[in-house]
2 protein chains.
Amino acid sequence: MDRRIPVDDRTGRRIVPETARRADRPAPRYGTRPTMKDVAARAGVGLKTVSRVVNGEPGVTPDTERRVQEAIEALGFRRNDSARVLRKGRTASIGLILEDLADPFYGPLSRAVEEVARAHGALLINGSSAEDPEREQELALALCARRVDGLVVIPAGDDHRYLEPEIKAGVATVFVDRPAGHIAADVVLSDNFGGARDGVAHLIAHGHRRIGFIGDMPRIHTAAERLRGYRAAMEDAGIAVEDSWMSLGATDPGRVRPAAEAMLSGPAPVTAVFSANNRVTVTVIRVLAEQPRRVALVGFDDIELADLLQPGVTVVAQDAAALGRTAAERLFRQLDGTLVAPERIELPTRLITRGSGELPPAE
Amino acid sequence: MDRRIPVDDRTGRRIVPETARRADRPAPRYGTRPTMKDVAARAGVGLKTVSRVVNGEPGVTPDTERRVQEAIEALGFRRNDSARVLRKGRTASIGLILEDLADPFYGPLSRAVEEVARAHGALLINGSSAEDPEREQELALALCARRVDGLVVIPAGDDHRYLEPEIKAGVATVFVDRPAGHIAADVVLSDNFGGARDGVAHLIAHGHRRIGFIGDMPRIHTAAERLRGYRAAMEDAGIAVEDSWMSLGATDPGRVRPAAEAMLSGPAPVTAVFSANNRVTVTVIRVLAEQPRRVALVGFDDIELADLLQPGVTVVAQDAAALGRTAAERLFRQLDGTLVAPERIELPTRLITRGSGELPPAE
DNA sequence: TAGAGCCTGGACAACGTTGTCATGCGCGCG
DNA sequence: CGCGCGCATGACAACGTTGTCCAGGCTCTA
């Protein structure tokens, strides 16, 4: 009988006066948080009255409100949002899954998403997938289990059918930087194709014909698009691309360096390089600095201090902040119910000339 | 009357038998998620059995488990972690509050925290305070309301008493990069004083005596410590510091540039500059590049591509990843109950010589 | 002064999950 | 053949909050 404390407790609540109950549970035990019930007991009011005060709802006299506030203060009460979410359905939080927190490209993007979330009174939860599709899925589903209202995803994988039940259940979803796989959803992208084409055309306009391309694995959408842009520009200029001018693989220095060195040597070396992302660009800059000849360079993605190098690095810049802002705003419009059909939005890139892309071909 | 659907629904639940209820609510309505009850109904088992399957608890026959799994699959069920948290108390998530997501210094730090969290099976939620104490507090408390198990905070403000009730309630808390204000808590710092002193001493060792210092506002702890390091090195060398050699204020280019230009002009200009953080360093590099004389430079914080500039930039580097890792590990040890007293941990910095710090004084 | 109406405050259920306990079944052993 | 034991399963309460509804006391008016 006294094993079944919970039942005693419950019936007790109806029989024993409130003051006795309080003595029985001295509210703020270490490691236990005070609840609204504790606050109510201390303030000598009903549970719902505390709720009203906490949420700023009308219908509470100033005097009562003061008593409740004092109790909240004294106990260090903080509303338990888990319980609130459970009751209300919406969490006022959105998730952001990016690929690598340490990549400077994602800083401004993440920040832009946070700004928009904040403007909508929502909290941003983010995690990084480390470019691993499995981890991306794991993270996305964990966030959904937490019942975020929406997700901004920079995809690592190429199949997002696992999100179908979530989207159907009303989780707003926007993909950024790369499109979603096998699923209809909003996507916000940079114009990777056009940007790369323009960058390569810029080199061609400066007299180059043997132009190298160093990019990421083509299974990554952005990498494939940039490669396509390179090919298009070359074709437009009537230049036949040789296989030895292209490197499509990992972007770590250990792999990029030999690739760059290879296309810069031999009987007919390239006179210019188009590097298809910021990591590649950094390595290529190092390699070019060691070359006796001046080799032209245009990089995709801006890099910090690019203007201070000799020569300054000409780049095709994406507007990371705009990507994030656009995606987040679209997400909240989904939540408003303003949006209907998924859309694909492409933001323009910008060619920034700083010197390296304007070097003439050197033998 | 038919405006008041929820009530109809609710009373309906008590009167109508379970099977009828199911028809009345065909489980996955758009915008409504299936619950364990829905799964149980579909699989023809009890609620608790579903819970057991979902959590991999023993005591379920393979056949029953299969039926439940099928129902889960068919309905696209996903456990509601809010409810779970409410019941269990722990959330398996920690919060990280940093100062600016876009600052490259915080990328590796944030990533390191995430790695550790992941290793402990926890989710990382992070937000940035944008250097605003009020926003820091707002964020921290929002995370506590979400019942994160712990907080890693890079302080923006200097009074953290608002966290007292949370810490008392068992929220593990570690401060990084800057100490907590008016509260006893774990702190993980870089050796800002020692690093700055060594950096300045390095310049002195190369013959400089008129050395400028450009740093952040001294109300920021790291800035104050680095200034202290500068003064200590100068004093050790018996050099009297002149006020015109120091600039202590905002770190935006609009403010740093004139400050740098001022100390580089006049009858007795400085021959070397110690820039006390990465943002300052970048601006100083730009200014120095415009100077006719060669001015030596040592910066606090490493910057990307520092080795590719002419000359390479000598820096006092902090190990951001180590800061994050150390803090996160300490946080989880708090949660384990392994830790007792708050501690202050200082990690060493490292002087990386690349050329700019080794230039001799030039008139 | 009585009745209507408003305002404040509280009781209670429900959100979806998990822990506790009870039940019923089959089986082995005495 | 009966008793007890172990196992699979389910009923039920509880986590802390919010929405709904009702009660009691007040004011205002006829």
Side-chain angles (χ1 to χ4, degrees), chain A residues 1 3-14 18 25 27 32-41 43-65 67-68 77-91 145-147 169, chain B residues 3-14 18 25 27 32-41 43-65 67-68 75 77-91 145-147 169:
Chain A
M1 18 184 72
R3 274 161 39 217
R4 295 166 52 184
I5 291 169
V7 177
D8 282 352
D9 185 328
R10 258 213 307 152
T11 43
R13 273 186 208 177
R14 301 218 191 90
E18 200 60 19
R25 194 225 237 187
T32 298
R33 314 199 56 130
T35 71
M36 283 192 179
K37 202 160 30 172
D38 299 314
V39 174
V45 301
L47 180 56
K48 183 66 219 223
T49 301
V50 176
S51 171
R52 274 191 270 260
V53 171
V54 170
N55 294 294
E57 288 170 24
V60 183
T61 50
D63 181 60
T64 307
E65 173 160 1
R67 287 215 317 284
V68 172
F77 166 81
R78 203 87 64 198
R79 181 178 63 196
N80 184 332
D81 271 3
S82 289
R84 173 166 225 253
V85 161
L86 180 57
R87 190 59 233 249
K88 302 206 77 158
R90 280 265 164 115
T91 59
R146 288 306 192 76
R147 295 295 184 264
Chain B
R3 276 161 36 215
R4 296 165 50 181
I5 292 169
V7 176
D8 282 353
D9 185 329
R10 258 211 306 150
T11 43
R13 274 189 203 173
R14 294 215 203 96
E18 198 60 21
R25 192 227 238 185
T32 300
R33 313 199 58 129
T35 71
M36 283 190 178
K37 198 156 43 166
D38 298 315
V39 174
V45 302
L47 180 56
K48 182 67 217 218
T49 301
V50 176
S51 172
R52 273 193 269 262
V53 171
V54 169
N55 294 295
E57 288 171 24
V60 181
T61 51
D63 181 60
T64 307
E65 173 161 1
R67 287 213 317 283
V68 172
L75 296 175
F77 166 80
R78 202 88 61 197
R79 181 178 62 196
N80 183 333
D81 272 2
S82 288
R84 174 166 224 255
V85 161
L86 179 58
R87 191 58 235 251
K88 303 206 76 159
R90 279 265 163 115
T91 59
R146 288 310 191 73
R147 295 295 185 267

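Lettering of chains follows the sequences in order, A, B, ..., and the numbering in each one begins at 1. Computed from heavy atoms alone, side chains included, the values below leave out hydrogens, waters and symmetry copies.
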Under the 3.5 Å rule, do the base of [N] and the side chain of [X] count as making a donor-acceptor pair?
X	N	result
A/Lys37	D/dG16	no
B/Arg87	C/dT18	yes
A/Arg52	C/dG9	yes
B/Arg33	C/dG16	no

Can you tell me how far P of C/dT17 sits from CG of B/Leu86, to the nearest Å?
12 Å

Using the side-chain heavy atoms of [X], tell me which of these nucleotides is nearest: [options].
X	options	value
B/Thr35	D/dT17, C/dG16, C/dA11	C/dG16
A/Lys88	D/dG19, D/dT17, C/dT17	D/dG19
B/Arg84	D/dG16, C/dT18, D/dT17	C/dT18

Between [X] and [N], is there a side-chain N or O to OP1/OP2 distance below 4.0 Å?
X	N	value
A/Ser51	D/dT17	no
B/Thr49	D/dT9	no
B/Arg147	D/dG16	no
B/Ser82	C/dG16	no

Identify, between B/Glu65 and B/Leu47, the residue whose nearest nucleotide on DNA chain D lies closer to the 5' end.
B/Glu65

Residue pair [X] / [Y]: nearest heavy atoms and the distance that separates them:
X	Y	value
B/Thr91	B/Arg147	CG2-O, 2.6 Å
B/Glu65	B/Val60	N-CG1, 3.7 Å
A/Leu86	B/Ala83	CD1-CB, 3.7 Å

What does A/Val45 touch in the nucleic acid at a heavy-atom separation under 4.0 angstrom: a base, only the sugar-phosphate, or nothing?
sugar-phosphate

Residues in residues 53-61 of chain B with a heavy atom under 4.0 Å of DNA chain D, by number, are B/Gly59, B/Val60, B/Thr61

Less than 4.5 Å apart, side chain to side chain, heavy atoms only: is that true for A/Val85 and A/Arg90?
no

For a 4.5 angstrom cut-off between non-hydrogen side-chain atoms, does A/Arg84 reach A/Asn55?
yes

Determine whether the side chains of A/Arg146 and B/Asn80 contain a donor N or O and an acceptor N or O closer than 3.5 Å.
no

Would B/Arg79 and B/Arg33 satisfy side-chain contact (heavy atoms from CB on, under 4.5 Å), going step by step from the backbone distance to the final call?
CA-CA 10 Å; B/Arg79 181 178 62 196; B/Arg33 313 199 58 129; over 6 Å; no

